[in-house]
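Residue numbering restarts at 1 for every chain, and letters A, B, ... go by the order of the sequence lines. Owing to the predicted nature of the structure, the values given are computational and were not obtained by experimental measurement.
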2 protein chains.
Amino acid sequence: MVSLRDVADAAGVSIATASRALGGKGRVSEATTRLVRETADRLGYQVNALGKALREGSDGVVGIVVPMVSNPFYAALVHEFEDQLSRLNLKLLIADSHGELDRELERLEALAGRRVRGIFAVPAYFDRSRPAISKIARQLPLVQVDRRVEDDSALAFVGVDNADGIGQALRHVAEQGAGTVVFVGADDRTSVGRERRRAFETVVEQLGLAAQEPIIDRYLFEFGLSAAERLRDRPTLPDAVIAGDDLIATGLLAGFARHGVSVPGDVLITGFDGTILADICNPTLTTVQQPMATIAEAGVEELLRKIDDTGAAGAHVRLPTTLRRGDSTGARVTSSASHSAT
Amino acid sequence: MVSLRDVADAAGVSIATASRALGGKGRVSEATTRLVRETADRLGYQVNALGKALREGSDGVVGIVVPMVSNPFYAALVHEFEDQLSRLNLKLLIADSHGELDRELERLEALAGRRVRGIFAVPAYFDRSRPAISKIARQLPLVQVDRRVEDDSALAFVGVDNADGIGQALRHVAEQGAGTVVFVGADDRTSVGRERRRAFETVVEQLGLAAQEPIIDRYLFEFGLSAAERLRDRPTLPDAVIAGDDLIATGLLAGFARHGVSVPGDVLITGFDGTILADICNPTLTTVQQPMATIAEAGVEELLRKIDDTGAAGAHVRLPTTLRRGDSTGARVTSSASHSAT
DNA sequence: CTGAAAGCGCTTACAG
DNA sequence: CTGAAAGCGCTTACAG
């Protein structure tokens, strides 16, 4: 490929002048500038970002490590981050940890090794990810997103107020007349799993609701599907189920549909995240909406702050969620006549 | 950060020996190797990928430009690519063109500028993306994925046999008893839009089906929603609607549900892609399944071939689709008694 | 305004 | 087996 050397030679100037003319920095006569730029265009020159980065210490790349891009929530989040960063002329290097510890460490090190300007990370584990996250954070600017690790007061974090989100969902179903509720969510391996689960217990108590034994596993559609079955097999169905995320909620919806349990006729369901899935399922899903764009905005802002001032303390940003109403918590009348004749 | 220089100094060897010891290349005594490695570990040395890349001409990064990561199909595809590439120790730099021409060019140039080893691109336009794609393909290995540009015999391409996929969907609904069908898909701006639309016309003729006026726009859930309305307003509903992708299909499903049109009771629906959405909607969606993992595999293989042999001709790989049956084309009996009493 | 030179961090012939 | 040196492509003090 054509290098700066080629352009300089073709234009008959030094490589230093060529660099300055192209970069628009330093004093260069208008004539030379024009000449160099024309030559560069003619030769199809494109600056080698690698050389530039080596010289400058870093290129305009930022990394993000998510547990699973194919989860619609992370897909949407990555999309928003890409969008925010592109405005700052920054590129996004994306890595997928598959929610696995060793893969996560490997990805983080790869990113650090290429001296990205900073890293956004959604930790795979609340406890076991801590060493890796801390180690990398010591090397370069890092902001935790959505999930965090334990004892992270020194680390930056941007996410939502999960406790309040679960509270919104619970208060909503209570208003809809639910008295007995159940939590179907993820385990304690992630901060988000913990926070939502604990919040459920706390708020249930506050509101004086009755809670059935929770069903706990991972954030997967398939889990929701099987959870619906287990719920159906119980002596009595709860009035409402609060799902840990939209994937589980839509799984529950699909599972109930297969077994002739009507939603919201027989049971109400709420999700969490506010992904496109909530519109696609039938009935549409009432869900706790995360402000994806705002999360990305705040995340980028935090990272920029860390980049500017390496010693900056790690701020913890908790954004508010909003309840997005769907039909899954509609009036408790049967919508599908075939299941329970009115 | 600690550099190779630091490690060499601390170990009391030359930088060349340190490099060889760490890289495992060239003859180095076992003792020195151990010494250097221990020193590197102790100092927390991590090779600077930038310096290495500059020296070697490229680092292990491959780029991918998709129209929209948040589309579940592309999210899944990106996930598969990341997976395939990670086995080869390659990283994935992801860029989002938003389906816009200038953004696409900008992203492609950014990727080329940082001398990625190669690029996977899903062109935004069939015709207008051609100059950009061709230009970049002249600079480095490029493989078109899912969509292609016109006159691309010199460019590599990996995607599915869209014509056959639409054929599978049409034959299926015909078997289910559909006589009148309609296509609700995307416009001709993308190759995929063209191929699926044309195939629909061809196969309808072959099978002797009657086709209503198609409804054409973009691959969006919202479009499916509004298309359902337009369909309902027609004097007669078709027996089946063949959607251009899962997003449109689930939009149609949601739209019909809102207006009390029963699927598959009143009309059958098929999607295209085989995303997670097909399981999430209710009824579940019959869709033309794309072999995502195989596409990624074949794509990587093509790119590797191009990397090895720059002059290699651009192979066009068309993978087969399979019909994934859901309830949206189930027996044409009414599933929901409230809509049309049996 | 312009050029020669140094140096970012690394790897790999080239000598020894 | 090991080291000195060149060079990947670039930018930026430093002179002039």
Side-chain angles (χ1 to χ4, degrees), chain A residues 1-37 39-40 43-61 89 109-117 139-140, chain B residues 1-37 39-40 43-61 89 109-117 139-140:
Chain A
M1 296 198 72
V2 22
S3 72
L4 187 57
R5 159 96 279 145
D6 302 322
V7 176
D9 286 353
V13 299
S14 77
I15 190 180
T17 300
S19 174
R20 278 186 287 250
L22 258 19
K25 308 195 181 177
R27 319 272 80 215
V28 188
S29 80
E30 181 131 342
T32 353
T33 302
R34 201 167 22 235
L35 172 64
V36 171
R37 295 207 168 155
T39 313
L43 267 43
Y45 172 70
Q46 218 156 253
V47 61
N48 182 328
L50 260 21
K52 183 170 174 165
L54 182 57
R55 165 71 213 223
E56 297 181 337
S58 168
D59 52 352
V61 175
N89 246 302
E109 286 186 331
L111 252 17
R114 31 185 344 292
R115 306 297 192 270
V116 291
R117 274 229 221 291
Q139 301 184 44
L140 40 74
Chain B
M1 295 198 75
V2 22
S3 72
L4 187 56
R5 161 97 277 147
D6 302 322
V7 176
D9 286 354
V13 300
S14 78
I15 188 177
T17 298
S19 174
R20 279 186 288 250
L22 259 18
K25 308 197 182 177
R27 319 272 80 215
V28 188
S29 80
E30 182 131 340
T32 344
T33 302
R34 202 168 20 236
L35 171 64
V36 172
R37 295 207 169 155
T39 313
L43 267 45
Y45 172 69
Q46 216 156 254
V47 60
N48 182 328
L50 260 20
K52 183 170 176 165
L54 182 57
R55 164 70 212 221
E56 296 181 337
S58 169
D59 52 351
V61 174
N89 246 302
E109 286 185 332
L111 253 16
R114 46 184 328 297
R115 305 299 192 269
V116 291
R117 274 229 220 293
Q139 302 184 42
L140 41 74

Which whole-number value in Å describes the distance from [X] [atom1] to [N] [atom2]?
{"X": "A:Arg55", "N": "C:dC10", "atom1": "CZ", "atom2": "P", "result": "17 Å"}
{"X": "A:Leu4", "N": "D:dT12", "atom1": "CG", "atom2": "C1'", "result": "13 Å"}
{"X": "A:Lys52", "N": "D:dC10", "atom1": "NZ", "atom2": "P", "result": "10 Å"}
{"X": "A:Glu30", "N": "C:dT2", "atom1": "CD", "atom2": "P", "result": "12 Å"}
{"X": "A:Asp9", "N": "D:dG9", "atom1": "CG", "atom2": "C1'", "result": "13 Å"}
{"X": "B:Arg5", "N": "C:dT11", "atom1": "CZ", "atom2": "C1'", "result": "14 Å"}
{"X": "B:Arg34", "N": "D:dC1", "atom1": "CZ", "atom2": "C1'", "result": "15 Å"}
{"X": "A:Leu50", "N": "D:dC8", "atom1": "CG", "atom2": "P", "result": "14 Å"}

Checklist line | Closest to the A:Glu56 side chain, choosing from D:dC10, C:dC10, D:dT12 | finding: D:dT12
Margin query: By nearest atom, which of the nucleotides D:dT2, D:dG9, C:dT2 is closest to the B:Leu54 side chain?
Written below: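 Minimum distance to the B:Leu54 side chain belongs to D:dG9.
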Margin query: Strictly by Watson-Crick or wobble contacts shorter than 3.5 Å, is anything paired with D:dA15, and which nucleotide is it?
Written below: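 C:dT2 - that is the nucleotide pairing with D:dA15, both distances being under 3.5 Å.
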Check: Quick one: does A:Asn48's side chain get under 4.5 Å of B:Arg115's, heavy atoms only?
Finding: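 Contact flag for A:Asn48/B:Arg115 side chains = yes.
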Check: Is there a side-chain contact between A:Leu4 and A:Val47 (heavy atoms, below 4.5 Å)?
Finding: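 No; the side chains remain at least 4.5 Å from each other.
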Looking only at atom types and distance, does a side-chain atom of [X] sit under 3.5 Å from a main-chain N or O of [Y], one as donor and one as acceptor?
{"X": "A:Arg37", "Y": "A:Ala21", "result": "yes"}
{"X": "A:Asp6", "Y": "A:Ser3", "result": "yes"}
{"X": "A:Thr33", "Y": "A:Ser29", "result": "yes"}

Item checked: Residue closer to the 5' end of DNA chain D, B:Val28 versus B:Gly51 (nearest nucleotide) -> B:Val28
Item checked: Closest heavy-atom pair and its distance - A:Val7, A:Val36 ->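 Nearest pair, atom of A:Val7 first, then A:Val36: CG1-O, 4.0 Å.
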Notebook entry, point to check: If every non-hydrogen atom of B:Leu35 is compared with every non-hydrogen atom of B:Ala11, which pair is closest and at what distance?
Noted result: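 Residues B:Leu35 and B:Ala11, closest heavy atoms: CD2-O, 3.4 Å.
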Notebook entry, point to check: In residues 13-27 of chain A, which residues come under 4.0 Å of DNA chain D by heavy atom?
Noted result: A:Ala16, A:Ser19, A:Arg20, A:Lys25
Margin query: Does C:dC8 have OP1 or OP2 under 4.0 Å away from a side-chain N or O of B:Ser3?
Written below: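 Answer is no, no contact under 4.0 Å.
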